[in-house]
A.B. asks: 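First the structure, then my questions, so here it is.
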Protein chains: 2
Amino acid sequence: MTTGPPASDDAPRTPTAPPRRRPTMKDIAARAGVSPSAVSFALNDRDGVSPGTRARIREVAEELGWQPNSAARALSGERSDCVGLVLARPARTLGVESFFLQLVSGIQEALAARRVALLFQVVEDLDAECATYRRWWAERRVDGVLVVDPRTEDPRPALLASLALPTVVIGDTQLGPGTVAAPGAGATPGTTPPQQPTPTLSPAPLSTIWADDAAAMRSIIDHLHALGHRRIVHIAGLPGLAHTERRVAALRAEAARLGLDARDVRSVCTDYSDEQGAEATRRLLATPHPPTAIVYDNDVMAVAGAAVAAGRGVPVPGALSIVAWDDSPLCRVTHPRLTSLVRDTAGFGRLAAQELLSLLDGAPTRRLQAELPHLEHRESTTRAP
Amino acid sequence: MTTGPPASDDAPRTPTAPPRRRPTMKDIAARAGVSPSAVSFALNDRDGVSPGTRARIREVAEELGWQPNSAARALSGERSDCVGLVLARPARTLGVESFFLQLVSGIQEALAARRVALLFQVVEDLDAECATYRRWWAERRVDGVLVVDPRTEDPRPALLASLALPTVVIGDTQLGPGTVAAPGAGATPGTTPPQQPTPTLSPAPLSTIWADDAAAMRSIIDHLHALGHRRIVHIAGLPGLAHTERRVAALRAEAARLGLDARDVRSVCTDYSDEQGAEATRRLLATPHPPTAIVYDNDVMAVAGAAVAAGRGVPVPGALSIVAWDDSPLCRVTHPRLTSLVRDTAGFGRLAAQELLSLLDGAPTRRLQAELPHLEHRESTTRAP
DNA sequence: CCGTTCACCTAATGCGGTTTAGCAACCAAG
DNA sequence: CTTGGTTGCTAAACCGCATTAGGTGAACGG
């Protein structure tokens, strides 16, 4: 025995209790009368074991309730069966959005099926997020990571590539409509143009799950335009985020297409907090020609905005139509209930996690498009006054 | 073989890039001209190394950017530097409450300081939660766990005790005021042999962080009572949860103390969802003698209830006062803003995580009381009509 | 002056798996 | 009856770290 002190931390100390030592493959081997290697082969579906022996080993393993020691696996197998997710949001905006827990819930569904665990970390900012990746990499904690809130100038893909951590970006770092075939993903080596020195030569696979924000924005604007709205403001989220920029660009493009004035149809950026959503709404309603419709980039700001309107005596939807990007129970508890863009967030997470598992299996990188969201018409939108 | 191609997953494939193999202690040893054991001693602050050598080794480790391989540590050191948190909530009620992300955020603060990671899992129900603990135990994934949403009849403490997993229960399984010293910690009902020599010999340490729900409920009821309210309904959460039962009991006791009729002051259980919160409110307002004040067990139901009142033309707080248990931005975006019970949820999580770390260090189990919450008076409560 | 202690370091072992090399038995072919 | 190739298994090395048992030289005490 290597443990000098008689009782190590979680060894069974009570002699009365049944020995609760976790069974190892050696135990199985002894019980089945074979060598540990045979057990390893049998349980990992590798050949070199006869069907009969395999069955017997499986039986004993079952009987003993054996489960692989993840640390030992990680040490020799070079994989930890663990993926990471870092959420970098200032504490202030934490915990109000329904988005993340839904996303995580979907992610887990996909991971659980493969016995892969999720390492989760909440940090304050992007620097801390990068530090977390470095630490996870150095400690071999994770096999890959899921990246959320991609930005227009995002250091993370390059960092993760240099760390050789398989990655799935949830959302898209690209501004364009996303029809380009896997530009940053390092699709096939050899054809890399020399202009981009390192990023194309990515040592780590990186896939992207993208949502067609432009199409979604079009559907919202078309809906409002059809209702006669001509002054529409988009209260956006954090300006650095790629999807914010995409939505802003999409709004501008759509306004141009419809021949609407850029002063009447525009975006205002916020930090996603209820305070800034309310403040922006207050400012807009105080202008001489207030918008007749406001599109909010999340549910919390939409609810906050609706409250501001109510507080100022601006009837919704009579004088102001409201659309929330992202549905949640919040949008249904207000009065009137908010028209909102419904996305299958859990499904989004599931898709991302499945893609990461594929990458870990060696599948080629991809750009996957998430299901198109749809606009759920409720009472907060109506004809322009 | 897990990977078809000969190159292993994270071996440096690009000759141009610097060899990105993670440095090991052996590398440090070679570079510092000592044996690997000396490196281990030096980096773990064990004696047996001279100050000079120790400094040199530290320097080299720093220079190489060495970080311990968590798998190897876990394998030999018997600790994974990882703790687990399982959230068992039906998907429907997920992601609306602000509570969990705040809690997790606080937990991480405490864990990050000690380089302990958090394994996070969202599951559907209690059975799945228990299965997760078993799996984590079998796979040696975690050194300990944080348990949330304790119930009155809770199988988890016994399970975790039998698995010898150090545990901190966030909230309290007890119904009473909580002065009893950790009674349910080591009791394993089924396996207790008749001799039973030492009941204090608990197989796994279990600490509890408890919040004084009774005092909190008293402060709310006293506030409402002082405002003249005599018909007060408490729209509670899930009936199985210990804190729900505590609040219900506290309400009953307080009503008795104030000499209020149990038909006028009572609790109604829900599942925390906005739907049930709204439905309960609707039913209450339709009775011949509707309550003049409602206390909601979470923010989402409170907002939903306020919306129902608004929809039915019941002025808040004119005809109905509303109190939300747990503050969040939600309570500030409604109109009027909701009076709510403010707790330091992140602090709660921090405390729990610190306690778990203490347990892992071998500290004795404790019952810690969380900071008392306070009632934030806003516009949703006023004198009874 | 020699045995003992002590400080400092090295060698070796084990954690629980995976993986490669090797070995015995069996079968078909020569 | 030997040869060569499978088949089915075992032995052994290894992953990166912690730990324990040795082993060396210097200081020390008698």
Side-chain angles (χ1 to χ4, degrees), chain A residues 1-6 8-11 21-30 32-57 61 64 66-81 115 137-141, chain B residues 1-4 6 8-11 21-30 32-57 61 64 66-81 115 137-141 143:
Chain A
M1 257 302 85
T2 56
T3 53
S8 85
D9 282 318
D10 52 3
R21 199 175 62 82
R22 291 114 159 162
T24 70
M25 297 204 326
K26 219 184 287 180
D27 300 325
I28 300 177
V34 293
S35 72
S37 334
V39 175
S40 177
F41 290 142
L43 295 176
N44 288 310
D45 282 322
R46 301 177 49 137
D47 44 358
V49 197
S50 70
T53 310
R54 189 185 300 273
R56 192 155 39 86
I57 289 174
L64 259 49
W66 177 84
Q67 299 280 120
N69 178 327
S70 57
R73 272 237 165 114
L75 190 55
S76 63
E78 306 254 321
R79 59 187 313 172
S80 61
D81 283 335
R115 318 206 119 209
W137 171 81
E139 297 178 348
R140 284 82 155 172
R141 284 262 192 204
Chain B
M1 67 162 196
T2 52
T3 55
S8 89
D9 283 314
D10 51 5
R21 197 177 64 83
R22 291 115 158 162
T24 71
M25 297 204 323
K26 216 186 287 181
D27 299 325
I28 299 177
V34 293
S35 73
S37 332
V39 175
S40 178
F41 289 141
L43 296 176
N44 287 310
D45 281 324
R46 301 180 49 130
D47 44 359
V49 198
S50 69
T53 311
R54 189 185 300 273
R56 192 156 40 87
I57 289 174
L64 258 50
W66 177 84
Q67 299 281 117
N69 178 327
S70 58
R73 271 237 166 117
L75 191 54
S76 65
E78 307 254 320
R79 60 187 311 172
S80 62
D81 282 335
R115 319 206 118 208
W137 171 81
E139 296 178 349
R140 283 83 153 172
R141 285 262 192 203
D143 298 328

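For the numbers below, each heavy atom of this structure counts, side chains included, while hydrogens, waters and symmetry mates do not. Chain naming here is simple, since letters A, B, ... match the order of the sequence lines and numbering starts at 1 in each. Every value quoted in this text rests on a predicted model; they were computed, and no experiment measured them.
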A.B. asks: Using whole Å, what does the distance between atom C1' of nucleotide D:dC17 and atom CH2 of B:Trp66 come to?
C.D. replies: 8 Å

A.B. asks: Can you name the residues that form a side-chain contact (heavy atoms from CB on, under 4.5 Å) with B:Ser50, not counting sequence neighbours?
C.D. replies: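 Expected list: B:Thr53.
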
A.B. asks: Got a donor-acceptor contact below 3.5 angstrom from the A:Arg79 side chain to the A:Ala74 backbone?
C.D. replies: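 Not a single qualifying donor-acceptor pair exists.
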
A.B. asks: Can you tell me how far P of C:dC15 sits from CZ of B:Arg140, to the nearest Å?
C.D. replies: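 B:Arg140 atom CZ is separated from C:dC15 atom P by 12 Å.
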
A.B. asks: For B:Thr24, which residues count as a side-chain contact (heavy atoms from CB on, under 4.5 Å) partner, sequence neighbours excluded?
C.D. replies: A:Arg140, B:Arg21, B:Lys26, B:Asp27

A.B. asks: Taking salt bridge (charged side-chain N to carboxylate O under 4.0 Å, His left out) as the definition, give me every residue that meets it alongside B:Arg115, ordered by chain and number, with sequence neighbours left out.
C.D. replies: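 So B:Arg115 forms a salt bridge (charged side-chain N to carboxylate O under 4.0 Å, His left out) with A:Glu139.
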
A.B. asks: Rounded to the Å, how far apart are B:Arg79 CZ and D:dG16 C1'?
C.D. replies: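 B:Arg79 atom CZ is separated from D:dG16 atom C1' by 18 Å.
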
A.B. asks: State which residues pass salt bridge (charged side-chain N to carboxylate O under 4.0 Å, His left out) with B:Asp45; sequence neighbours excluded, sorted by chain then number.
C.D. replies: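 With sequence neighbours excluded, B:Asp45 shows a salt bridge (charged side-chain N to carboxylate O under 4.0 Å, His left out) to B:Arg58, given in chain and number order.
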
A.B. asks: What residues form a side-chain contact (heavy atoms from CB on, under 4.5 Å) with A:Ser76, not counting sequence neighbours?
C.D. replies: none

A.B. asks: Provide, to the nearest angstrom, the distance between the CG atom belonging to B:Leu75 and the C1' atom belonging to C:dT18.
C.D. replies: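 Atom-to-atom, B:Leu75 to C:dT18, this comes out as 12 Å.
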
A.B. asks: Does D:dG16 have OP1 or OP2 under 4.0 Å away from a side-chain N or O of B:Arg73?
C.D. replies: no

A.B. asks: When the C1' atoms of the five terminal pairs at each end define the local axes, what inter-axis angle does the helix from C:dC1-D:dG30 to C:dG30-D:dC1 show, to 10 degrees?
C.D. replies: 70°

A.B. asks: Can a side chain N or O of B:Thr53 be found less than 4.0 Å away from OP1 or OP2 on C:dC9?
C.D. replies: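 Answer is yes, contact under 4.0 Å.
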
A.B. asks: Could you pull out all residues at least two apart from A:Ala61 that satisfy side-chain contact (heavy atoms from CB on, under 4.5 Å)?
C.D. replies: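 Result, side-chain contact (heavy atoms from CB on, under 4.5 Å) vs A:Ala61: A:Ile28, A:Leu43, A:Trp66.
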
A.B. asks: What residues in residues 39-51 of chain B put a non-hydrogen atom under 4.0 Å from any atom of DNA chain D?
C.D. replies: B:Ser40, B:Phe41, B:Asn44, B:Arg46

A.B. asks: If you assign each of A:Ala72 and B:Val34 to its closest nucleotide in DNA chain C, which residue comes earlier from the 5' end?
C.D. replies: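 That would be B:Val34.
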
A.B. asks: Checking all strands, does B:Met25 fall into the base, sugar-phosphate, or nothing category for heavy-atom contacts under 4.0 angstrom?
C.D. replies: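 Sugar-phosphate contact only - B:Met25 comes under 4.0 Å of backbone atoms but never of a base.
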
A.B. asks: On a plain distance test, is the side chain of B:Ser35 in donor-acceptor contact with the base of C:dA11 below 3.5 Å?
C.D. replies: no

A.B. asks: Restricting to side-chain hydrogen bond (donor to acceptor under 3.5 Å, both in side chains), what partner residues turn up for B:Ser80, sequence neighbours left out?
C.D. replies: B:Asp143

